[in-house]
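Atom set for the values below is all heavy atoms of this structure, side chains included, hydrogens, waters and symmetry mates excluded.
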Amino acid sequence: MSDQKAFQLTIDEQNIAWLSIDVPNEKMNTLQAAFADEMADVFVQLEEKKSTLKGLILHSLKPDNFVAGADVRMLAACTSAEEAQSLAAKGQEMFGQLSAMPFPVVAAIHGPCLGGGLELALACDYRVCTDAPITKLGLPEVQLGLLPGSGGTQRLPRLIGLLPSLDLILTGKQLRAKKAKKLGVVDAMVPETILLDVAKQLLEKGKKRKVKKLSNKEVVMAGTGLGRKVIFDQAAKKTHAKTRGNYPAADAILDVIKFGLEKGMEKGLEYEAKRFGELVMTSESNALRSIFFATTEMKKERGRDATPKSVKRAVVLGGGLMGAGITHVSVTKAKASVRIKDVANEGILNALNYNYKLLEKKRKRRIISKAELQSQMLQMAGGTDFTGFDNADIVVEAVFEDLALKQQMVNDVETHARPDTIFATNTSSLPIRQIAEQAARPENVVGLHYFSPADKMPLVEVIPHETTSDEAVATAVSFAKKQGKTPIVVKDQAGFYVNRILAPYMNESANVLLANEPIEALDKALLNFGFPVGPITLLDEVGVDIGAKIMPILVAELGQRFQGPDVFDKLLNDGRKGRKSGKGFYTYKGKKKSVDTSVYRVLGLKPEAKLSENEIALRCVLPMLNEAVRCLDEGIIESPRDGDIGAIFGIGFPPFLGGPFRYMDALGITKVVEMMNEHAQKHGDRFAPCDGLLTRAGLNETFY
């Protein structure tokens with residue numbers, strides 16, 4: 001195996017050099033530091049033949065990817081910023097040699113071309129890519145708390161201009177082939193069958209690529225010191241509004257691109273490597289990389305040691321927003337046909353209309369064609385009867401949070417579906433064992449808890465009860481993955497994991513509100529802490545009525561610590577369900593919202609900001625951390641990793657903190673216990689650290 005190389009150079013009879021990339025024993029091509037020696041050999045061979053070569057074509061021998069990026073595992077071995085800087089400098093040197101070849105170099109791209117893969121392609125004179133849906137180009141390093149470290153921050157702005165480059169590098173977004181061609185990231189987009197032929201045609205030009213002339217707009221806006229200053233000032237303002245200062249990579253990206261445009265390519269590359277090295281050592285990048293490794297690991301797991309059943313046909317019970325969203329991901333991603341059953345035809349029409357609007361948006365953005373839209377709509381059907389149930393591999397129930405109704409659904413499915421059909425219940429708080437209580441085949445009943453909106457939210461909780469079969473669990477996990485979700489298997493208890501840790505957080509935010517802190521101060525404090533929405537906004541989005549239903553279930557199952565302050569009845573009696581009723585704590589007009597100050601009168605409050613943002617955030621977050629530890633120790637979640645992923649993907653726990661368990665490790669368990677004890681003295685026993693925290697603090701243990 002040791003003689004297998006990732007890079008192989010061949011020269012054909014037309015004097016065209018072909019450099020193939022095929023990393024041995026890996027599904028995806030990734031760039032590794034160890035390849036530097038291989039490339040050094042390649043450059044020696046090219047140097048010897050340079051006078052006779054027409055050019056060089058880089059291509060992948062993998063069937064479905066070009067280069068998916070640099071191997072992130074290399075960074076974990078770095079013990080200093082200097083080591084990481086050296087890695088980036090090596091990559092820059094290798095791509096610099098490629099760029100300096102005396103003959104034209106073409107990258108022939110099929111499949112993902114991301115991160116270091118795109119930086120490799122940018123070092124070539126020309127790029128041609130396939131029009132296949134799997135072909136995507138981008139520099140996603142910012143999502144790992146990093147910046148492109150092998151020339152990406154310097155080459156992309158010089159190729160396509162400053163404005164589109166900032167948009168790509170600051171967001172980490174991935175371009176489809178058509179958009180990449182439109183922006184000028186690639187020179188041609190062709191069917192896969194002629195990719196290498198077109199690459200050869202680009203070589204026929206026989207010339208190195210000249211530096212692209214910028215458009216008049218780009219010259220006016222970014223070609224002068226003043227224009228660039230305006231662009232960078234605006235970009236910094238926008239970026240800070242999004243990151244709230246929690247993601248240092250975004251500021252570093254702006255800094256490095258600006259420096260390179262002002263000081264030149266050579267100095268820009270040096271600075272890029274330096275800042276890359278610094279970012280590798282930050283706690284934020286470490287946390288974000290841990291999420292990347294965790295999700296990569298989870299993709300390989302089945303949830304149970306059983307072979308999952310194939311799901312080709314599904315039924316969704318309920319045509320509401322949740323049912324419509326589940327239908328969408330089942331058809332578009334899991335490639336299953338779906339029949340929607342609702343008590344009224346109106347519900348089915350609403351679900352189909354919801355899906356049509358989502359697909360039409362994709363068609364308008366040219367992500368799918370009209371034919372694909374029609375084909376996907378044809379995979380959806382609906383009715384008020386039980387037609388098609390006898391063909392269903394899985395039935396996903398998305399009806400109201402009512403135990404008797406859900407038990408009736410189980411009975412209906414067992415009556416009309418096959419004996420092996422899996423019944424997956426989408427409940428946010430009812431124990432699965434209760435839903436399966438009257439089932440004839442309880443082994444087929446499993447919880448599949450989606451988060452709203454189901455077509456967007458990435459997490460699914462898979463909840464087996466005591467007698468759920470391993471096959472049913474494995475099938476639910478497999479189906480969720482095919483829907484593009486990240487599933488975690490959790491134990492069957494009220495609230496499961498995500499809602500169970502969310503409840504104390506929401507309860508404490510209500511306590512802070514009732515202590516007369518203004519609504520906007522509360523939401524802003526948690527936004528600045530790193531959550532995507534504040535807790536009061538979240539309650540409005542989820543629905544005050546839903547919160548009112550969930551709390552008694554949690555109190556009955558788990559005890560008085562889940563009893564929150566009495567606000568629900570007052571709000572509901574005043575017609576305040578949240579966004580869906582047009583008012584809750586906020587009033588809504590289209591996408592705009594503003595604090596409805598009359599809610600203070602309803603709750604008998606006189607708002608006055610007294611607490612610091614940090615005090616507000618800690619008061620809300622500490623009870624969540626405490627409950628997360630209880631969930632781990634009670635076996636609700638199988639590992640701290642699952643707890644972190646569940647909190648980040650389910651409720652938007654700040655990704656740069658790595659999740660509740662990584663955050664506690666970073667603070668130190670002893671420090672967490674001290675903070676909780678201080679809060680318990682000030683605000684009551686609900687803050688008292690749980691036994692699991694006290695034990696770990698005493699033994700000086702960590703979660704990871």
Side-chain angles (χ1 to χ4, degrees), residues 6-22 29 31 35 38-61 66-67 91-111 113 116-131 135 137 139 148 150-152 154-161 165 175 177 180-214 265-266 269:
F7 291 87
Q8 296 281 357
L9 183 70
T10 55
I11 297 167
D12 66 18
E13 60 276 6
Q14 295 169 294
N15 284 325
I16 293 173
W18 297 83
L19 183 59
S20 66
I21 312 166
D22 188 3
N29 282 331
L31 300 174
F35 299 158
E38 285 186 34
M39 281 304 291
D41 290 343
V42 166
F43 288 132
V44 168
Q45 293 174 62
L46 290 170
E47 181 65 26
E48 288 169 359
K49 305 270 188 182
K50 67 181 180 185
S51 58
T52 58
L53 289 177
K54 281 186 186 171
L56 171 67
I57 296 173
L58 269 77
H59 65 113
S60 168
L61 296 181
F66 178 69
V67 176
Q92 289 178 352
E93 187 187 348
M94 186 165 81
F95 296 165
Q97 281 181 272
L98 190 66
S99 183
M101 287 286 134
F103 41 74
V105 181
V106 180
I109 300 160
H110 173 62
C113 172
L118 181 55
E119 290 179 297
L120 169 64
L122 289 172
C124 301
D125 296 292
Y126 303 97
R127 286 152 296 284
V128 56
C129 75
T130 68
D131 56 8
T135 296
L137 299 92
L139 295 170
S150 294
Q154 304 305 303
R155 287 197 173 90
L156 192 64
R158 287 168 172 82
L159 179 70
I160 65 170
S165 297
L175 299 173
K181 170 73 174 72
K182 188 179 176 186
L183 285 177
V185 178
V186 297
D187 301 281
M189 175 190 78
V190 298
E192 189 190 350
T193 48
I194 58 167
L195 176 67
L196 298 181
D197 295 329
V198 174
K200 280 169 75 173
Q201 285 167 22
L202 285 169
L203 281 188
E204 303 294 315
K205 295 181 179 181
K207 292 177 186 171
K208 296 285 286 175
R209 188 187 188 109
K210 289 182 183 172
V211 175
K212 180 189 169 193
K213 279 185 89 173
L214 295 177
M265 182 85 167
E266 192 178 330
L269 287 169

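With sequence neighbours excluded, no residue satisfies side chain to side chain donor-acceptor pair (under 3.5 Å) with Asp197. For the side chain to side chain donor-acceptor pair (under 3.5 Å) test, residues two or more places apart in sequence or in another chain that qualify with Thr130 are His110, Thr135. In this structure, the side chain to side chain contact (heavy atoms under 4.5 Å, CB included) partners of Lys49, at least two apart in sequence or on a different chain, are Ile11, Thr52, Leu53. With sequence neighbours excluded, no residue satisfies side chain to side chain donor-acceptor pair (under 3.5 Å) with Asp41. The ring-ring contact (aromatic ring centres under 6.0 Å, His included) check on Phe43 picks up nothing, with sequence neighbours excluded. With sequence neighbours excluded, no residue forms a ring-ring contact (aromatic ring centres under 6.0 Å, His included) with Phe103. Under the side chain to side chain donor-acceptor pair (under 3.5 Å) criterion, Glu47 pairs with Lys50, sequence neighbours left out. In terms of the side chain to side chain contact (heavy atoms under 4.5 Å, CB included) criterion, residue partners of Leu9 (sequence neighbours excluded) are, by chain and number, Ala17, Leu19, Val42, Gln45, Leu46, Leu56.
Summarising the geometry of Phe66 relative to Ala121, their closest heavy-atom pair is CE2-CB, 4.5 Å, with the distance given to 0.1 Å. The two residues Met265 and Arg158 make their nearest non-hydrogen contact at N-NH2, 3.4 Å. Between Ile57 and Ala108, the closest heavy-atom pair is CG2-CB, 4.3 Å. Scanning all heavy atoms of the two residues, the minimum distance from His59 to Leu196 falls at CB-CD2, 4.0 Å. When all heavy atoms of Leu175 and Ala180 are compared, the pair lying nearest together is CD1-CA, 4.0 Å. Of all the heavy atoms in Gln92 and Ser150, the pair that sits closest is CG-CA, 3.8 Å.
Distance OG/Ser99 to CG/Leu120: 11.0 Å, rounded to 0.5 Å. Atom SG of Cys124 sits about 10.5 Å away from atom CE of Met101, to the nearest 0.5 Å. To the nearest 0.5 Å, atom CG of residue Leu31 and atom CZ of residue Phe95 are 5.0 Å apart. Atoms NZ and CG, from Lys181 and Leu183 in turn, are 10.5 Å apart once rounded to the nearest 0.5 Å. Atom NZ in Lys200 sits 13.0 Å away from atom CD1 in Ile194 (nearest 0.5 Å). The CG atom of Leu118 lies 8.0 Å from the CZ atom of Arg127; values are rounded to the nearest 0.5 Å.
Each of Asp187, Val186, Leu202 was compared with Val128 under the side-chain contact (heavy atoms from CB on, under 4.5 Å) criterion, and only Leu202 meets it.
The closest donor-acceptor contact from the side chain of Asn29 to the backbone of Ile21 lies under 3.5 Å. Distance alone, capped at 3.5 Å, is enough to place a donor-acceptor pair between the Glu119 side chain and the Gly152 backbone.
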